[in-house]
Undergrad: 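Take a look at the following structure, please.
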Amino acid sequence: MKFGLFYELQTPKPYDGDSWDPDAERRVFHEMLEQVELADQLGFDYVFEVEHHFLEEYSHSSAPELMMAALSQRTKQIRLGHGIVLTPPPYNHPARVAERIATLDILSNGRVEFGTGESASEMELGGFGVDRGLKKSMWEEATREIANMLASEPYPGFDGEFFSMPARNVVPKPLQKPHPPMWVAASRRETTMVAARFGLASLGFGFETPEELGERATEYYRLLREESMPIGHALNPGLAVLNTFMMGKTDDEAIRRSAGGPGFFSYSLGYYYTPATGDTHPPGGRNLYRAYRDASPEQAAQESVERRGFLSEAEIRKGEPEDEVERALYRAARSGNAIGSTKRLRKTLKQYENQHLDVMVFVAQAGDRRHEHIMESIDQFGRELLPEFHERHESVHRTWRAKQLRGLEFPINSSI
Amino acid sequence: MATPEQVEHPELRELIAAAHTLMRAGRATDAVRTLANAYLLLLSLKPELLDQAVATMSGRTVPLAMRWPALGANLDVDAVLAKQPRIVFARDRFALSEAMTYYEFTLETSIAAGA
């Protein structure tokens, strides 16, 4: 199993103020650069950064290509993942996406992972005039054409439903041929199966359990073998899953350090993606962090400390919502699969490894967590756990993957 | 591993299998229309899907049947509440990714419902 870090660039407002500290965004952005630099030195495999717009406090990551460009100059080996680029044309013209991906690939000496997606919140869809009912069609058309632009010389032009352009040679071309490995964001099982059929890696935002992941891995690789109709020019077989992450010398210390990270992550995500709240958000007019602390005391940091431990898998499942997206939010706030001591993480992460997960992506920067605790967690994981998982990735998982991919007639470009 | 063969009802199984063939042939719009028919048949075979309620993110409860994805072939909520489900097509053309999404949903739901 390989490992990555995941960034929303969460920037909660102070509890007792109506606006941010003037230094807040600079601090969060530069802390991310430091964290990824350390992860790179320790051998972490990936960093993924989202593209979101107007989601105050929840995500200030609206220009991930610039953060990635900065990281390309401060890191040596870590793969730079867009997790994801919004490809519906009203967000980003397909040619501009192709140009940026290729440029970043050149700057980073071929380390780009091209994640794609369509967005879901009204703040973003409404802000850019994207019709919710058409966003999946837009994603598909634009993603296919971006791959064509990256791989074709010249690009023959396109007359589509959502964008058209004449023949042009879209330059520069990426170092990775025919194009960097491609992914799609998957909050639901159905999208993971779309990923399989299109030959894309699935960046799972569902906080899936090891058992669910096992079922998905079996089906994903079967569909990839039997029903591939690639959207790009090369397949990128792979399944990644997100988990909230914090380490400590003891489980108690990790829980204490985890603070209001997962709780705020889940609360603010739920706020923007719930029509009753997200669709009516007054721009600049709320303090979400304060609302989270006041309205959801059971989710606040102090509660996690007082709980003195993790919820068991059975306890987590007892109150789980039926809807898959709601379930992801529920789990994001409660699951402690990657929160704890070295001993605990070794045990829980092995469960995913046993189900053949390709990549585990950690959400470390969230809510009111402290930079120094995130740095120490990255350091602890990198020194105490990463080498053994990497060793088994090479000695065991690669063999399993090779079996899954046997007989595929399409070219593969994957960093897994 | 979910396959159409796991669907017990012959007509439903045939519709889902036909949609799969259409999807594999790149005929996304035809596949979506076939899956819409399959889902309406499922709701007639398993009317309990119209009765069972689930909570939504807006805090309301809606019939379980409303989990059918709203990607342009949309289940009319009023019709569902009146137990006369119908699917309204908001447009004429569908993409492959939409056909794939409807296919996975219809197949999984049919098998889970024991249809």
Undergrad: Give, as side chain, backbone, both or neither, the part of E141(A) having an atom under 4.5 angstrom from any heavy atom of chain B.
TA: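 No part of it gets close to chain B.
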Undergrad: Counting only non-hydrogen atoms closer than 4.5 Å, does E118(A) touch chain B with its backbone (N, CA, C, O), its side chain (CB onward), both, or neither?
TA: neither
Undergrad: Which bit of T143(A) is near chain B, if near means a heavy-atom gap under 4.5 Å: side chain, backbone, both or neither?
TA: neither
Undergrad: Carefully, step by step, assess T101(B) and V194(A) under the rule side chain to side chain contact (heavy atoms under 4.5 Å, CB included).
TA: CA-CA 7 Å; T101(B) 303; V194(A) 171; 3.6 Å; yes
Undergrad: What pairs of donor and acceptor atoms, side-chain ones from residues 37-46 of chain B against any protein atom, are under 3.5 angstrom apart with sequence neighbours left out?
TA:
| residue | atom | partner | partner atom | Å |
| --- | --- | --- | --- | --- |
| Y39(B) | OH | A65(B) | O | 2.7 |
| S44(B) | OG | L41(B) | O | 2.7 |
| K46(B) | NZ | A113(B) | O | 3.4 |

Undergrad: Between E104(B) and R188(A), does any side-chain N to carboxylate O distance fall below 4.0 Å?
TA: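 Salt bridge flag = no for R188(A) with E104(B).
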Undergrad: Can you find a pair of side-chain heavy atoms, one from M23(B) and one from R197(A), that are under 4.5 Å apart?
TA: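 Yes; the side chains approach each other to less than 4.5 Å.
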Undergrad: Where along residues 83-95 of chain B does a heavy atom come under 4.5 Å of chain A, listed by residue number?
TA: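 Counting heavy atoms that sit under 4.5 Å from chain A, the residues of residues 83-95 of chain B involved are R91(B), R93(B), A95(B).
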Undergrad: Can you name the closest pair of heavy atoms from A2(B) and R222(A) and give their distance?
TA: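 In terms of heavy atoms, the two residues are closest at O-NH2, 3.8 Å.
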Undergrad: Kindly compute the distance separating OH (Y103(B)) from CD (E190(A)), expressed to the nearest 0.5 Å.
TA: 12.5 Å
Undergrad: So for I231(A), is it side chain, backbone, both, or neither that comes closer than 4.5 Å to the heavy atoms of chain B?
TA: neither
Undergrad: Let me know if T218(A) has heavy atoms under 4.5 Å from chain B in its side chain, its backbone, both or neither.
TA: neither
Undergrad: If you draw a 6.0 Å radius around CD in E48(B), do more than 12 non-hydrogen atoms from other residues or ligands fall strictly inside?
TA: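 Atom CD in E48(B) is crowded, with more than 12 foreign heavy atoms closer than 6.0 Å.
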Undergrad: Of all the heavy-atom pairs spanning S97(B) and K136(A), show the shortest one and how long it is.
TA: OG-CG, 3.4 Å
Undergrad: Between L96(B) and M229(A), which heavy-atom pair has the shortest distance, and what is it?
TA: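 For L96(B) versus M229(A), the nearest heavy atoms are CD1-CE, 4.0 Å.
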Undergrad: Check for a donor-acceptor pair, side chain of R24(B) on one end and backbone N or O of E227(A) on the other, with a separation under 3.5 Å.
TA: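 The answer is yes, because a donor-acceptor pair under 3.5 Å joins these two groups.
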